[in-house]
Every structure is written in structure tokens, then in C-alpha cells.
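For reference, the structure is listed below as C-alpha cells.
Here is the naming used below: chain letters follow the sequence lines, and residue numbers restart at 1 for every chain.
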Amino acid sequence: MADPKPKSKHTVVRADWQPTASQRRDSAKRGAPGQRLLGPLPLPRDAVNGEVTVDTVAVKLSNLDKVYFPSSGHTKRDLLDYSHDVAEFMLPHLLNRPATLKRFPQGIDRPWFFQKEAGEHMPPWVRTAPLPSKGERTYINYVLCNDCPTLLYLVNLGCIDHNVWMSRAATPDQPDFVLLDLDPGPDAGFDKVVRVAQAIRRVLEKYEILGFPKTSGATGMHILLPLAPGHSFAQSSRFAEIVLRLAAAEVPDLTTDVWSVADRPRDRVFLDFRQNAPGKTIPPPYSPRAYPGATVSTPLQWKELTRSLDPSRFTITNLRRRLEKYGDLASGNLPGAGHGQQLRLLLERMHQSDAPQKKRRAF
DNA sequence: GCACAGA
DNA sequence: TCTGTGCAACGCGCA
DNA sequence: TGCGCG
């Protein structure tokens, strides 16, 4: 493939960017409880505009008092304080992943827009990666949110949630985890999501598959299965479908695979494997969401999946307490964690285990 | 949130 | 100087 | 061939 060289003043990344020596040193502490929480913005509390210097980079911040979440009163400053505080936990999950910017410059109740092309107006220290678009006919310079200054810059632009690919820029066609997406209908409470997640947990345990559950930050849940390098999205999607169909067979009255929203039962949990595709995005662990209350996509321990689990409890205001207590419960899903699974091996294990039995069918 | 075009 | 506008676009299943 | 869908 020809070396893509779209003109850009940004630092273009054609291979995965490598951490500096000091960042490598620090990374040993990452994921440990209470470590690396950086506190709120280093800025006077009454400042409405300002400039912070983070990692030797000066970032301009504006309209800090603007209310982004009217029902709870959370402001842009609250979002920036949170982002600065948890950056060491969130950034590893964003590293080198092309980002689709979803911008809410006037808050969650006002018009928003997508932005993929970084354009020529971002500061030169914002890293980007050129990726083919429209069937290889053109390139888009995607933002890579690889450091704290970039994170704060994006939040200042109105990026409330972060939406990143399941692959990294150097290998855009190779997902490094499988996404199991649990999406409850409007009349399905979170208790149903929990029961379906427990069914998925039983399937994963039966075949010794490693998975990390998290709230989506909205109404559903995500379960992430770390992948060894070299898998395709076709493979990750097929595997997600297999696991979800096995789980659905255990709780058929709680689940649906109906694609059309109009025809989909409103009181069931839609199990979506189609999200495993190139260019599709997911809010990573610790991403805030543009929902009332400033909820956060929050990694969980499996044992926390109880009837009383309420995902609206996890917000930008209180998430640091969980990080102090538990550290990064999803750190095992990071590409460097060494837990990448070979789908061929998992499928062999599943096939052997089921060989004497009939094939399971039905969603 | 911000650059840009057109009035 | 003000005001309006753009800021994305994949591939699958089905009619 | 287009639409709904995430």
C-alpha cells in the first residue's frame, strides 16, 4: 500500500506511537488503586477562561462556567476537572485509536455535530492518523487522543463523550477486542440488562473466555473480550454473534435480535454483534456520556452485577472514589496487558466442549 | 467552538 | 462587522 | 436500488 501523505501540519502517525521512557515508567503504576489521579484543573476556581500547562503544553480553555448538563448543573469546568483527574486511567484506552469527535458546544440539550477530519485548525501537538475513507478513494486525518493536553483540548471543543475505533491507527482493520453490546429497549429496565449479562458471564466462564464488563454510561452495558493481534472484524463480529446467541438461548424471554427498531420488542435487551466493524466506535472506559447527570462508562467487577446495580450512580462527580478503591478494572483489556485471546483456540475449546451435544440455536 | 464566506 | 454555515458517511439485511 | 439501523 502506498504511503499516504495527505498534507497536514499535525504530527501524523503511521505507526503506533510509542510512549516515552518516563511514560513507560509511569505506566507500571497505571491501573493500581488510587494511583495517578491528577486532581482538578490547575486553574483558579473562579476563572471563566484560562490556560493550563500540562506536560509542558499550554492548552487554552474557554467558557468554563457554561452549563453542559442542565438537569444536574454540571459545567464544562466540571467535565475538564474530571478529565484531568482521570486522564491517566482513560488515556491508555484511547491511545492510538482513531477518534470520531461528537461535539456539543452548547451542552447536551443543544444541537451537536460529528467531526472526523482534524482539519488545519487544531494545535500542531494534536496527533492525527490518515485513514482511507469512502472505499479508499480519499483520506481522513483522524484525531488520536494520546495525551492529556489533547484530551483537555477536545473537551474544550465540546467533546463530552469520546468515541474511538476498536482497532488502532497502525492496524485499522485489526480489532484488539470483541464488543458484546447489550442495548435494552425503552421498556426494559436495567435489571434485565443485568440478567442478560449474567447469562453471558456463564457462557464466558464455561469456555474460559476472558471478558470485562462495563456500563455504557447510557442505558446498556458493554462486555469487552481482549483479542490477540491479527484478527479481522469479520472474525470478531462472528465470534460476538456466537457468544451472544449462546447466552440468548439461556434467557430467550429477555433478549431479541430484531434489527428493525419498529419491530423490536420494547421490553427486551437487544444483543448487538454488528458493532464489531471497521470504523465503528465505542465510548471507552471512563468516558463521560452526554446524558443527564453526566454519567460515565464504568468498568465493573462481575460480582457487582446485581439487581440493585444502578448505572446512573456512576458520574463525573464520584468516579474518582471508585478509581481510588479499585484502580482500572478494565486494564486487562488493554493491548499491552498480555491477555489477548486467540479466537481459533476459543472456538476449538467451545467445539470440543459441545461436541457430544446438539448445536445450540435460536436467539 | 470556531473558521470562513457572503452581505 | 455581523450573520449564517459546515463540521461523517460503513455495510448489512431486507422491501 | 434504497432505507433503517447502529
Side-chain angles (χ1 to χ4, degrees), chain A residues 9 48-51 59-68 75-77 79-80 98-123 126 128-143 150-167 172-173 175 178-186 216-222 232-238 240-241 244 256-266 268-283 289-290 363:
Chain A
K9 68 169 181 168
V48 173
N49 298 291
E51 186 176 275
V59 188
K60 281 189 191 140
L61 305 172
S62 57
N63 300 309
L64 298 172
D65 279 343
K66 186 172 279 190
V67 174
Y68 268 18
T75 63
K76 198 199 220 185
R77 179 189 290 104
L79 210 51
L80 286 161
T100 293
L101 310 188
K102 190 177 182 184
R103 296 179 53 187
F104 298 79
Q106 311 290 347
I108 66 168
D109 291 342
R110 306 287 302 171
W112 54 270
F113 58 92
F114 283 120
Q115 181 180 352
K116 292 188 175 181
E117 172 62 50
E120 295 301 304
H121 307 300
M122 290 188 187
V126 172
T128 64
L131 270 71
S133 162
K134 297 195 173 170
E136 317 255 327
R137 286 194 297 277
T138 175
Y139 283 90
I140 291 177
N141 282 305
Y142 283 88
V143 171
T150 302
L151 178 61
L152 298 178
Y153 173 77
L154 293 177
V155 174
N156 191 61
L157 286 182
C159 297
I160 292 175
D161 47 26
H162 306 287
N163 298 275
V164 294
W165 289 25
M166 285 167 275
S167 56
D173 294 324
V178 176
L179 169 62
L180 308 179
D181 187 4
L182 286 63
D183 181 14
S216 74
T219 59
M221 281 191 57
H222 299 145
S232 68
F233 278 104
Q235 290 173 311
S236 65
S237 175
R238 277 199 303 268
E241 180 173 10
L244 289 176
T256 176
D257 68 347
V258 173
W259 181 242
S260 157
V261 168
D263 299 339
R264 189 182 300 165
R266 298 165 56 90
R268 293 184 182 219
V269 179
F270 176 59
L271 296 180
D272 192 359
F273 55 88
R274 294 168 174 81
Q275 200 63 14
N276 295 281
K280 302 253 191 202
T281 62
I282 179 181
R289 300 302 306 276
F363 219 98

Round to a whole Å and report the spacing from [atom1] of [X] to [atom2] of [N].
| X | N | atom1 | atom2 | value |
| --- | --- | --- | --- | --- |
| A/E117 | B/dA3 | CD | P | 16 Å |
| A/L157 | B/dG1 | CG | P | 9 Å |
| A/N276 | D/dG6 | CG | P | 16 Å |
| A/N163 | C/dA8 | CG | P | 14 Å |
| A/D183 | D/dC5 | CG | P | 12 Å |
| A/D263 | D/dC3 | CG | C1' | 13 Å |
| A/D272 | D/dC5 | CG | P | 13 Å |
| A/D181 | D/dG6 | CG | C1' | 8 Å |

Nearest-nucleotide pick for [X], side chain only, options being [options]:
| X | options | answer |
| --- | --- | --- |
| A/V261 | B/dA3, D/dC5, B/dG1 | D/dC5 |
| A/F114 | B/dG1, D/dC5, C/dA8 | C/dA8 |
| A/H121 | B/dG1, D/dG6, B/dC4 | B/dC4 |
| A/N156 | C/dA9, C/dG13, B/dC2 | B/dC2 |

Is any side-chain N or O of A/Y68 closer than 4.0 Å to OP1 or OP2 of B/dG1? yes
Please confirm whether the shortest side-chain N or O distance from A/S133 to OP1 or OP2 of C/dA9 is below 4.0 Å. yes
Indicate whether any N or O donor in one side chain lies under 3.5 Å from an N or O acceptor in the other, for A/D65 and A/N63. no
Side-chain touch A/V143/A/M122, heavy atoms, less than 4.5 angstrom: yes
Looking at side-chain heavy atoms only, is the closest gap between A/Y153 and A/P123 below 4.5 Å? yes
Minimum heavy-atom separation for A/A277 to A/R274, with atom names? CB-O, 3.9 Å
First encountered from the 5' end of DNA chain C, between A/R274 and A/P278: A/P278
Cation over ring, A/R264 on A/F270, under 6.0 Å and within 45°? yes
Go through A/H222 and A/L179 one step at a time and tell me if the side chain to side chain contact (heavy atoms under 4.5 Å, CB included) criterion holds. CA-CA 7 Å; A/H222 299 145; A/L179 169 62; 3.7 Å; yes
Below 3.5 Å, does any donor atom in the side chain of A/R103 face an acceptor in the base of B/dG1, or the other way round? yes
Classify [X] by what it touches in the nucleic acid, base, sugar-phosphate, or nothing, heavy-atom distance under 4.0 Å.
| X | result |
| --- | --- |
| A/K60 | nothing |
| A/I140 | sugar-phosphate |
| A/K76 | sugar-phosphate |
| A/R264 | sugar-phosphate |

Using the P atom as the reference point in each nucleotide, state the distance between C/dC7 and D/dC5 in Å, no decimals. 25 Å
How far, in whole Å, is C/dA8 from D/dG6 if one measures between their P atoms? 23 Å
